[in-house]
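Proteins get letters first, then strands, A, B, ... in listed order; numbering begins at 1 in each. Values in this document were obtained by computation on a predicted structure and should not be read as measured data.
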Amino acid sequence: MVIWIILLAMTAAAVMVVLWPLSRHAAARGQADPDIQFYREQIAEIERDQERGALLPGEAEAAKAEAGRRLLRATGTQDEGFAALGEPALRRRRAVSALALSVVPILAIALYGAYGSPHIFDRPAMMASRPQAAAPDLDVAVTQIETHLAQNPQDGRGWEVLAPVYLRMGRVDDAVKAYGNALRILGENADRLSNYGEAMVLAGNGLISSEAQAAFEKAVALDKAAPKARFYLAKAAEQDGRTDKAKAAYEELLAVSPADAPWTPLVKEQLARLGAPQAAPAQGGEPQMGPEDILRMVSGLAERLESQGGSAEEWARLMRSYAVLGQRDKAEAAARRARQALAKDDAGLKTIETMARELKLTDAAQ
Amino acid sequence: MLVEAGHFALALALGLSLIQFVVPLWGARSNDPVLMAVAPAAALAVLACLGFAFLSLTVAYVTSDFSVLNVVENSHSTKPMIYKISGVWGNHEGSMLLWVLILALFGAVVALARNSVPARLQANTLAVQGLVTVAFLLFILTTSNPFTRVVPMPAEGQDLNPLLQDLGLAIHPPLLYIGYVGFSICFAFACAALIDGRIDAVWARIVRPWTLGAWVFLTLGIAMGSYWAYYELGWGGWWFWDPVENASLMPWLAGTALVHSTVVMEKRDALKVWTILLAILTFSLSLLGTFLVRSGVLTSVHSFAVDPERGVFILGILVLFIGGSLTLFAWRAPLLKQGGLFAPVSREGALVLNNLFLATACATVFIGTLYPLALEVVTGDKISVGAPFFNFTFLPLVVPLLLLVPLGQTLAWKRGNFLGTAQRLYAVLGISLIATLALVAFRNGGPVAAPLGIGLGIYLILGSFNEIVTRSWSRGTPLASAWRKASGLPRSTWGTVLAHAGVGVTVIGIAATAWDAEGLGTLKIGDTMRAGAYEARLERVVPRQAANYREDVATLRISRGGRELGTVETMKRLYVTRGMPTTEAGIMTVGLSQVYVSIGEILPDGSIGMRIYHKPLVLLIWLGAVVMAAGGTLSLTDRRLRIGAPSRARAMQAASVPAE
């Protein structure tokens, strides 16, 4: 309510400003006609210019005559007079008053009504009205921790708290950095290393890079039982195409875990998958891994790269996709095609070789 | 509450400026002084409303009120206070609000200058101004509202673009806008004169201080922007012929022409039609600049087409004002009486030539800036017109213009004597040539452009001061009396001399860039690299943490010929909130020259890519602009141009000095 009173007062003041000059009688402006004065000054100026040599004598005379003529003309037009009195003037004044009284408030209120938000208070008022105990939502909390960490980047606990939140929010790359910071500051332990590795796997779209694998191996070295690290190491073996080793690793993990461990179903699922007839011909039967649309995406990418070519990053993505899908021969074929396509692109070739080494493809040695 | 009151004040200002447009126009037509008297009252009220609106937005920024969308998008609670304030105009919406605020400020000054401006001219001028205000307020309220609120309120803002978190850019836009908007007053005066059908020397006298004032601010604004680009973008360049820069250069060129043509009009009552046209064109170019920068058409014609609301609105404003004023011009200009006559060889003739050159140069920049846009619209091809185009077209126009400057300054009004004038410049020409040759011999090799350009600069400076000398001293005059005479010359004469000398100073600075030396390399701690005679040694690289960014600071020790000069720091910053990196160049000033160090990539092995430049006399580029602006200001303080003091000026006339 208060706001409307203030807005009303503002409107009234604005209208008054316009009405005020209308209420006054035409005060004759006590100023000399600026024209006449100007030309007098100009004639004096021409004389001075002449003395100084900025005007040649003959020209000065002509210029003076010119200015004199204008002075005469200005004197002649002086008594034009103002039309401030009489009935028409009164009517004009009324019309303008009506205009001011209507246009200013209507326009202002219409526009403010369309775009304003009179019900929202400014921030300090909002703070006061909001209960202090209310739980801050996730975004706010993250922002607060980020601000805190920007100022105290050596706070390892902070990074460790933030990292899983990042993961949940889908900010995977940030999570990797946060775990990395926590590791650097707080030192290594099996949990931290496993989580760090897992974040890297997620960042790599499921592919276990050599860095991630190194992290998992370190974790197992620190704690033989570390289930997450062991699981991913088994998975890594699977991705390298060493199915037997993967199977053995999964079985070992099951053996050391309590029967009701939360990861048991997941591990069993992996084993069941590996146990099924696996060596289907690459061109033929349906590969078992991954939903159909992933396959479609991959084959779409392959077709496009084959027909139109593409960047080194795209070729590398194709190789990695095949590797993740377990189709190593296709991955190798893709690497060969990429090398041909990018023969002239040194940086691109480097990307391909790095990826080939990463995926442990057989002919990566070149 | 304050935010909403500010928002409402903005809406009120729209209503008031509509009154400011309609009522005075009616008053002037029906010759009714009461109606005309509404104009100044409304103009002052508009200023009060807009001032309040601006203030309330500023308060929202200062208190980090994140319930305002504009504050969320451009501020952060940890940002230093000065950038919280400059953040108000560091974004589209706020800068448009500043634009109209300055517009209203100028309107209020016109409203208060009742003694020096005839009532009818004042009423008509304020009416035109009112219309401009209406258009821009509608634009702000409907498409670029800075007072939009957000519910629920975010906890933290998104921070201001880090490139803009800089002192240079805190003051650059206000300067530039004062320049742009100042020309809107000239435009309003021109339209008012056309509406009234009366244009004469008196008009020119009234408009001249506005033109000069706007020109001074625009000059400073452009120089500031150029210096900012130099130290912030990390390339060491000072002018990029970027469309945004060209957008401010075009009104400057037209405005410079206007400053000169109003002199002719005031002194000789000539060039009226041309001056009016220039006043219209100058403001049109300012509007065009606003359109180019604000509509997003520069980043991509397509992004403009995707979100056309703002762009189309500004385009509408552009069409309304440029089209409307040119129509008015075509209709009324033939009615204007021709003014004083002059011979081709005369001060007037020289100024006409100056106008021709400046207008052509402006047209060149116009084509270079808009042709790529037009081409993209028509064919979809994206081309960029860069420095080579402008070097081939703009420079050949400017160099002869500069050669003519001292000549025109020395010529007499109405009919001059070319040979006599040239004779007076023999000494100046001689000294400049000797200086050029001496430089060529001294630098022995190297680019020939530098000594030639510096010679041109010296010629400009000496040629300007030559005017003072020839006017106050002749062979045999004792120095004391010559000095008396020189200091008795009108301030506008001194202003002219200073401004032209400033051009010379800038020319020297630009010419000396041909001597720039550059070094590029990868440094480890303790390594050195050199540029010209200067050597830089990488001392250390350390991280540092500030409130809203963290940075890696590289410290380099600069020495010359084994003599240590001190250290500079160059930083690679990461602004946390936007995740945006910036590079801060390290600059050491040695006299008028600078050593400029800029950090590049930090490689995994700890070595650092680094650029180092030695830029001789580079400061002169901007100092020249400051001198130009000082000249304009000096001219502005000339008794003849002081606003509101005609009677006093008259009383002092007997004792007064010649006016120029």
Side-chain angles (χ1 to χ4, degrees), chain A residues 3 6-7 10-11 14 17-18 20-22 26 29 31-32 34-35 37-38 41-42 44-45 48-49 52 54-56 59 62-63 66 70 82-84 89 92-93 96 99-100 103-104 107-108 111-112 115-118 120-126 136 139-140 143-144 146-147 150-151 153, chain B residues 1-5 7-9 11-12 14-16 18-19 22-23 26 30-35 37-38 41-42 44-45 49 60 63 65-67 78 114-116 118-119 141 145 147 149 151 153 155-156 200-202 205 269 340 412-415 471 545 550 576 646-647 650 653 658-659:
Chain A
I3 181 132
I6 293 174
L7 300 191
M10 286 169 68
T11 316
V17 172
V18 179
W20 180 63
L22 293 174
R29 296 177 77 173
Q31 90 186 72
D35 288 13
Q37 201 184 321
F38 174 84
E41 279 173 27
Q42 199 178 38
E45 199 180 308
R48 285 193 304 274
D49 274 356
R52 232 175 38 202
L55 258 176
L56 300 177
E59 302 299 335
E66 218 174 90
R70 295 216 181 83
F82 282 126
R92 276 199 295 270
R93 247 180 261 184
V96 170
L99 201 68
V103 166
V104 175
L107 210 59
L111 275 166
Y112 179 75
Y115 297 101
S117 341
I120 302 183
F121 296 105
D122 290 356
R123 184 187 201 187
M126 259 173 121
D139 281 351
V140 176
T143 312
Q144 278 165 0
E146 278 173 340
T147 316
Q151 275 153 14
Chain B
M1 202 93 84
L2 192 61
V3 174
E4 290 305 311
H7 194 171
F8 188 73
L12 264 184
L14 178 65
L16 285 168
L18 200 61
I19 297 282
V22 177
V23 177
W26 189 12
S30 54
N31 210 11
D32 187 334
V34 176
L35 262 53
V38 170
L44 290 172
C49 285
T63 58
D65 183 343
F66 293 126
S67 67
T78 60
R114 30 173 79 234
N115 286 328
S116 55
L141 278 164
N145 199 320
F147 291 109
R149 310 294 291 266
V151 185
M153 185 179 80
E156 196 45 273
D200 48 26
V202 183
R205 151 88 52 106
D269 209 21
W413 290 99
K414 268 196 97 144
R415 181 185 297 149
R471 280 205 190 177
Q545 180 72 46
R550 53 174 177 265
V576 183
S647 50
R650 201 158 149 204
Q653 218 173 66

- What part of B:V38 lies closer than 4.5 angstrom to a heavy atom of chain A: side chain, backbone, both or neither? both
- Item | A:L22 side chain near B:L35 side chain, heavy-atom distance below 4.5 Å | yes
- Message: So for B:L16, is it side chain, backbone, both, or neither that comes closer than 4.5 Å to the heavy atoms of chain A?
- Response: both
- Closest heavy-atom pair, B:I19 versus A:A100, reported as atoms and distance to 0.1 Å, is CD1-CA, 3.8 Å
- Between A:P21 and B:A37, which heavy-atom pair has the shortest distance, and what is it? CB-O, 3.8 Å
- Note on the structure: Scanning both residues in full, the closest heavy-atom pair of B:H7 with A:Y115 reads CE1-O, 3.3 Å
- Task: Below 4.5 Å from any heavy atom of chain A, which atoms of B:A201 appear? Answer side chain, backbone, both or neither.
- Result: both
- Item | Euclidean distance, A:L107 CG relative to B:L18 CG, rounded to 0.5 Å | 6.5 Å
- Query: Between CG of A:L111 and CZ of B:F8, what distance do you get to the nearest 0.5 Å?
  - Reply: 10.0 Å
- Message: If you define the side chain from C-beta out and look only at heavy atoms, does anything of B:L12 sit under 4.5 Å from A:Y112?
- Response: no
- To the nearest 0.5 Å, what is the distance between CG (A:L7) and CD (B:E4)? 8.0 Å
- Task: List the atom of A:M10, the atom of B:A9, and the distance in Å for their closest heavy-atom pair.
- Result: CE-CB, 3.7 Å
- Task: Using a 4.5 Å cut-off on heavy atoms from C-beta on, say whether the side chain of B:V23 contacts that of A:L99.
- Result: yes
